[in-house]
Amino acid sequence: MLAVSESEQTLVLDARTGKPEAWDALFRRYQLPLYVYVFELVRNEQASLDIVQESFINAARYLERLQVDAKFGSWLFSIAHQKCLQHWRKPKVEEPFDAAEFEQLAEDDPDPSEWLLRKEQEEDLMRLLNQLPLPHRSVLLLHFIEEFSLEEIAAITGTLLGTVKSRLHYAKKALRKLIEDTP
């Protein structure tokens with residue numbers, strides 16, 4: 001979970017009063033973790049960027065509704081989570097393979113074979129995760145990648161703590177079975 005410091009609470013308070021430097025600091029703090037979470041759910045770079053942007057716009061618009069400044073991070077992730085759900089309800093359009101991105105990534109890594117192996121393992125894991133229902137995939141990503149507590153995941157997803165625990169249990173069980181069944 002992203003640790004909330006006193007200075008961050010001060011940033012949220014300053015953002016409430018309309019200080020642009022406070023919003024800039026909050027954006028820099030949360031943009032990458034939020035993007036990673038969103039991307040792992042929607043698997044589309046442009047859609048992920050759009051969702052992160054929309055999440056920050058909504059956070060700015062509705063900041064006065066946030067009751068506890070220390071909960072800013074989980075509140076922001078819950079906004080993004082809802083945006084992801086909206087994205088999943090839209091019709092899907094396939095994206096073409098981006099050869100230029102592949103070449104750039106391969107150039108950045110001194111050993112292309114290692115890069116390919118890591119990329120393949122990551123794709124295998126994401127392929128397995130994508131076979132899970134969205135609620136299970138979301139709970140796994142929030143807990144193990146973003147390191148949110150179960151209580152925070154309940155707040156982000158708008159579900160009861162017991163539901164989060166159940167989803168996490170069944171998600172791990174289902175993922176384990178998918179891994180075992182993969183040749």
Side-chain angles (χ1 to χ4, degrees), residues 1-95 126 129-130 132-172 175:
M1 169 23 263
L2 300 171
V4 178
S5 65
E6 276 189 44
S7 63
E8 186 167 308
Q9 290 180 35
T10 303
L11 286 174
V12 174
L13 185 60
D14 288 346
R16 285 181 190 273
T17 63
K19 294 183 180 175
E21 61 276 2
W23 275 112
D24 184 51
L26 288 169
F27 180 75
R28 280 185 275 115
R29 170 74 174 104
Y30 285 101
Q31 69 180 346
L32 184 58
L34 194 62
Y35 173 80
V36 169
Y37 171 67
V38 168
F39 182 79
E40 293 302 333
L41 289 179
V42 301
R43 304 301 292 168
N44 178 299
E45 183 178 347
Q46 188 57 51
S48 299
L49 291 170
D50 291 344
I51 290 170
V52 168
Q53 181 179 12
E54 291 171 16
S55 298
F56 274 101
I57 289 170
N58 279 4
R61 183 177 296 143
Y62 299 110
L63 185 60
E64 72 278 353
R65 294 185 184 175
L66 177 63
Q67 295 176 358
V68 180
D69 290 352
K71 302 274 185 185
F72 180 81
S74 59
W75 179 68
L76 182 63
F77 270 77
S78 70
I79 292 170
H81 181 82
Q82 293 304 314
K83 296 284 181 191
C84 289
L85 293 177
Q86 291 169 5
H87 172 79
W88 277 101
R89 292 181 189 126
K90 293 178 186 176
K92 305 287 184 273
V93 177
E94 286 294 318
E95 255 189 43
M126 286 315 301
L129 279 174
N130 285 333
L132 298 175
L134 181 61
H136 290 167
R137 185 170 61 242
S138 178
V139 169
L140 283 173
L141 291 169
L142 285 169
H143 188 65
F144 292 108
I145 304 298
E146 299 302 333
E147 299 179 356
F148 280 105
S149 70
L150 297 179
E151 292 81 8
E152 290 168 319
I153 294 170
I156 290 168
T157 59
T159 57
L160 298 173
L161 179 60
T163 303
V164 170
K165 290 178 181 179
S166 174
R167 286 180 181 171
L168 186 59
H169 170 76
Y170 286 109
K172 290 191 297 188
L175 184 60

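- To the nearest 0.5 Å, atom CD of residue E146 and atom CG of residue L141 are 8.0 Å apart.
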Checklist entry - Are F72 and L63 close enough, and set up right, to give a side chain to side chain contact (heavy atoms under 4.5 Å, CB included), and what steps lead you there? => result CA-CA 9 Å; F72 180 81; L63 185 60; 4.1 Å; yes
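- By the side-chain hydrogen bond (donor to acceptor under 3.5 Å, both in side chains) test, D50 is found to be paired with Q46, residues two or more places apart in sequence or in another chain being considered.
- Here the SG atom belonging to C84 is positioned 12.0 Å from the CD1 atom belonging to I79, to the nearest 0.5 angstrom.
- The structure places CG of L129 at 11.0 Å from OG of S138, a figure rounded to the nearest 0.5 Å.
- Heavy atoms only, all atoms of each residue included: K165 and L150 are closest at CG-CD1, 3.9 Å.
- Rounding to the nearest 0.5 Å places CG of L76 at 5.0 Å from CG of L34.
- In this structure, Y35 places its OH atom where more than 12 heavy-atom neighbours from other residues, nucleotides or ligands lie under 6.0 Å away.
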What side-chain donor-acceptor pairs closer than 3.5 Å can you find for residues 20-27, not counting sequence neighbours?
unit_1, atom_1, unit_2, atom_2, d
W23, NE1, A15, O, 3.4
D24, OD2, R28, NE, 3.2
D24, OD2, R28, NH2, 3.0

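- The CG atom of L132 sits 13.0 Å away from atom NZ of K172, with the distance rounded to the nearest 0.5 Å.
- Between E152 atom CD and H143 atom NE2 the span is 11.0 Å, to the nearest 0.5 Å.
- Under the salt bridge (Lys or Arg N to Asp or Glu O under 4.0 Å) criterion, K19 pairs with D14, not counting sequence neighbours.
- In terms of the side-chain hydrogen bond (donor to acceptor under 3.5 Å, both in side chains) criterion, Q82 has no residue partners (sequence neighbours excluded).
- Side-chain contact check for D69 versus R16: some heavy-atom pair is nearer than 4.5 Å.
- Between K83 and E54, the shortest heavy-atom contact is CD-OE1, 3.5 Å.
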Distance-only check: which donor-acceptor pairs under 3.5 Å involve side-chain atoms of residues 153-163, not counting sequence neighbours?
unit_1, atom_1, unit_2, atom_2, d
T157, OG1, I153, O, 2.8
T157, OG1, T159, OG1, 2.8

If you look only at distance, which donor and acceptor atoms sit under 3.5 Å apart when one is on a side chain in residues 55-62 and the other is two or more places apart or in another chain?
unit_1, atom_1, unit_2, atom_2, d
S55, OG, I51, O, 2.7
N58, OD1, R61, NH1, 3.4

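- Crowding of Q67 atom CD: a count of heavy atoms from other residues, nucleotides or ligands under 6.0 Å not exceeding 12.
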Checklist entry - Going through the distances and angles, do Y37 and H81 end up as a side chain to side chain contact (heavy atoms under 4.5 Å, CB included)? => result CA-CA 9 Å; Y37 171 67; H81 181 82; 2.8 Å; yes
